[in-house]
Amino acid sequence: MAQKPSLPKGTRDFGPAQMLKRNYILDAIRAVFRKYGFLPLETPAMENLSTLTGKYGDEGDQLLFRILNSGDYLSKTQVSDYTTGSKALTGKIAEKGLKYDLTVPFARYVVMNQHDIAFPFKRYQIQPVWRADRPQKGRYREFYQCDADIIGTNSLICEAELMCIVHEVFDKLNFSNFSVSISNRKVLEGMAEVLNASEQFSTFCVILDKLDKIGQDRVFDELGKIGIETEALNQLDTMLNLPGTNTNKLEALKELFHNSETGLTGVKELEDTFGYINKLGLTEHNLFFDPTLARGLSYYTGTIYEVKPTSIKMGTITAGGRYDNLTGIFGLKDVSGVGISFGIDRIYDTLEELNLFPNENEETTQVLITNFDTESADYALGLLAQLRKVNINSEFYPDSTKLKKQMSYADKKGIPFCLMVGSREIETGEFILKNMSTGEQKSLEFDAIIEELSGI
RNA sequence: GUGAUUGUAGUUCAGUUGGUUAGAACGCCUGAUUGUGGUUCAGGAGGUCGCCGGUUCGAAUCCGGUCUUUCACCCCA
């Protein structure tokens, strides 16, 4: 008895209709990455666990998919490993894991190839990653990341260029209802200094990050619980709700940060970044300095930013930031990088919800030649070859079944034209070309048909 | 990892307090139309009610387990 097939939890098939749309997004992203001078890179699906573990925190380690060793994987274990618990045991029976993101394998690659790489190194990478998370809305166990990173320079011009990339990609996709929030981790450190909470900086960020989710009141409650005083919270309230333009906000922060060197550096970096953005000709309409932005704790040290759609309810669709010491964990110190990651799955959902996918698909077949019988099939194959020679996407129905079935196939596949090549047409040298959307048919010589089809 | 939730035809879903042969819409197949799709009409096929076990004279329905779906938390894209 046949068993019902199924997919592993959190994974999906992408059918032809979905793939055409996904490729539409990926092509746009890839084209812009190339335009800005990024080179492609791919790394293996699996990495040594020693490369992956310890880079994403304890939580992250638990979310790694581990690959069971090949062969007699129990040969290196003892009964005591089993009784000690699964952690001790997995270390001995699994040496490899599926990659968790693209950034750590990239850092591993840069360190391994540091002598061949011309710095600053600009690479883009579009690959699936895997997390053993419990799936939910917008979260899968296998999903794609589209990353571009510049490593080996501190220049804030890179930040500005990444902002241009964001705008250019979404412009290419005819999507304009998004906003970019940008901040700098040094600004957050400045805030923590003003609040006298530098010691608890990472806790401070975790709580602040919940702001748009649980609201300022509850965030302040939690901050109060970790010992931040009411007076300090009043100052924080001021900092988080600065009025005016990006420039106004940064100016105001300078006053508030007069005792925090780190904070002032952060403000300066943001000012410089905005300056470069202007010089690159990008209007700031979709770009906002947001002092409440607190994402990306793990390795970000400077600029941080994220992009969200404004007209619909949707999480972050693109994000990134600067990391000063990611290669340091593999032994290459003082190499700063900054990157961007487009979340194609969420961009897909956004474009779908806003109905922004183009209707026409160049990739689908333009014309279907119908199959009447063996003799006309031989003739039709010659015409098929000629159509393809002039780059008209075309196909020939492989079986000489009823016309009804063949045309129904063309209809379902969205093929705009059917070409009838039967004994009558072969005799007269005029073939019937049927427009499937209007139902109109013309009897034309083959040259005229090519002309008709190329003129689309 | 924690707490909920879902599963019935290819798809989306009905299915009463546990009671005879589990239904609908859409889709699919055949014909009306032997050289014409998308419209219309007539007919037809299609189900281990997720899986395993339990309660019962009797289970799609109640109970337990398991897998799966979706959602929230943790965390993250």
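What you see is a predicted model; the values in this text were computed from it and never measured. Chain letters run A, B, ... following the sequence lines, proteins first, then strands; residues in each count from 1.
Taking atom C1' in both B/rG23 and B/rU8, the straight-line distance is 10 Å, to the nearest Å. Rounded to the nearest Å, the gap between the C1' atom of B/rA77 and that of B/rU39 is 46 Å. Across B/rG37 and B/rU6, the matching C1' atoms stand 39 Å from one another, rounded to whole Å. The gap from the C1' atom of B/rC71 to that of B/rA9 amounts to 28 Å, rounded to the nearest Å. B/rU66 and B/rU20 are spaced 32 Å apart, taking the P atom of each and rounding to whole Å. Here, B/rU61 and B/rU56 have their P atoms 16 Å apart, quoted to the whole Å. B/rU11 and B/rG58 have their C1' atoms separated by 32 Å, with the value rounded to a whole Å. Taking atom C1' in both B/rG46 and B/rC26, the straight-line distance is 14 Å, to the nearest Å.
Using a 4.0 Å cut-off between a side-chain N of Lys or Arg and a carboxylate O of Asp or Glu, A/Asp345 and A/Arg12 qualify as a salt bridge. By the 4.0 Å N-to-carboxylate-O rule, A/Lys442 lies close enough to A/Glu452 to be salt-bridged with it. The residues A/Asp27 and A/Arg30 are annotated as salt-bridged, a charged nitrogen and a carboxylate oxygen being separated by less than 4.0 angstrom.
Base pairing annotation: B/rU17 forms no Watson-Crick or G-U wobble pair, as no partner gives both donor-acceptor distances under 3.5 Å. Nucleotide B/rU5: unpaired (no Watson-Crick or G-U wobble partner with both distances less than 3.5 Å). Both distances falling under 3.5 Å, in either a Watson-Crick or a G-U wobble arrangement, occur for no nucleotide opposite B/rG58. Both distances falling under 3.5 Å, in either a Watson-Crick or a G-U wobble arrangement, place B/rA25 opposite B/rU11.
Mapping A/Ser341 and A/Gln136 onto RNA chain B by nearest heavy atom places A/Gln136 closer to the 5' end of the strand. Nearer the 5' end of RNA chain B, as judged by each residue's closest nucleotide, is the contact made by A/Gln62, out of A/Gly343 and A/Gln62.
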Inset, instruction - Show your reasoning for whether side chain to side chain donor-acceptor pair (under 3.5 Å) applies to A/Thr310 and A/Asn177. - result: CA-CA 5 Å; A/Thr310 49; A/Asn177 294 323; 4.6 Å; no

Legend entry - Residue pair A/Thr370, A/Gln406: steps toward the side chain to side chain donor-acceptor pair (under 3.5 Å) verdict: CA-CA 7 Å; A/Thr370 55; A/Gln406 302 189 32; 4.6 Å; no

Legend entry - side chain to side chain donor-acceptor pair (under 3.5 Å) assessment of A/Asp411 paired with A/Ser408: CA-CA 5 Å; A/Asp411 187 53; A/Ser408 165; 6.0 Å; no

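The structure places CZ of A/Phe396 at 10.5 Å from CZ of A/Arg388, a figure rounded to the nearest 0.5 Å.
Residue A/Ile340 is tested with A/Val166, A/Ile29, A/Ile150, A/Asp149 for a side chain to side chain contact (heavy atoms under 4.5 Å, CB included); the sole match is A/Val166. Of the options A/Thr103, A/Asp147, A/Asp101, a side chain to side chain donor-acceptor pair (under 3.5 Å) to A/Ser341 is made by A/Asp147 and by none of the others.
Under the ring pair (Phe, Tyr, Trp, His ring centres under 6.0 Å) criterion, A/Phe342 pairs with A/Phe33, A/Phe170, sequence neighbours left out.
Remark: C1' of B/rA77 and CD of A/Glu142 are 14 Å apart, rounded to the nearest angstrom. Taking atom NZ of residue A/Lys9 and atom P of nucleotide B/rU66, one finds them 12 Å apart after rounding to whole Å. With rounding to whole Å, A/Arg134 atom CZ is found 10 Å from B/rC67 atom P. When rounded to the nearest whole Å, the span between OH of A/Tyr348 and C1' of B/rA77 equals 18 Å. Taking atom CG of residue A/Asp349 and atom C1' of nucleotide B/rA77, one finds them 12 Å apart after rounding to whole Å. The CZ-P distance, from A/Arg141 to B/rC67, rounds to 11 Å in whole Å. Atom-to-atom, CG of A/Leu63 to P of B/rA77 comes out at 11 Å; the value is rounded to the nearest Å. The interatomic distance linking A/Arg346 (CZ) with B/rA77 (C1') rounds to 5 Å, in whole Å.
Between B/rA72, B/rA77, B/rU69, one nucleotide has an atom nearer to the side chain of A/Phe143 than all others, and that is B/rA77.
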Inset, instruction - Report, as a single string ordered 5' to 3', how protein heavy atoms within less than 4.0 Å touch nucleotides 35-43 of chain B: B base, S sugar-phosphate only, - not at all. - result: BBBB-----

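Counting any heavy atom pair closer than 4.0 Å across all strands shown, A/Gly320 reaches no nucleic acid atom. The residue A/Gly138 sits close to a base: some heavy atom pair falls under 4.0 Å. Heavy atoms of A/Phe342 sit nowhere under 4.0 angstrom from any nucleic acid atom.
In this structure, A/Gln145 does not reach the B/rA77 phosphate: none of its side-chain N or O atoms is under 4.0 Å from OP1 or OP2.
Residues of residues 99-109 of chain A that place a heavy atom closer than 4.0 Å to RNA chain B do not occur.
Between A/Tyr144 and A/Phe14, the angle of the ring planes goes over 60°, which puts this pair in the perpendicular group of the 30/60° scheme.
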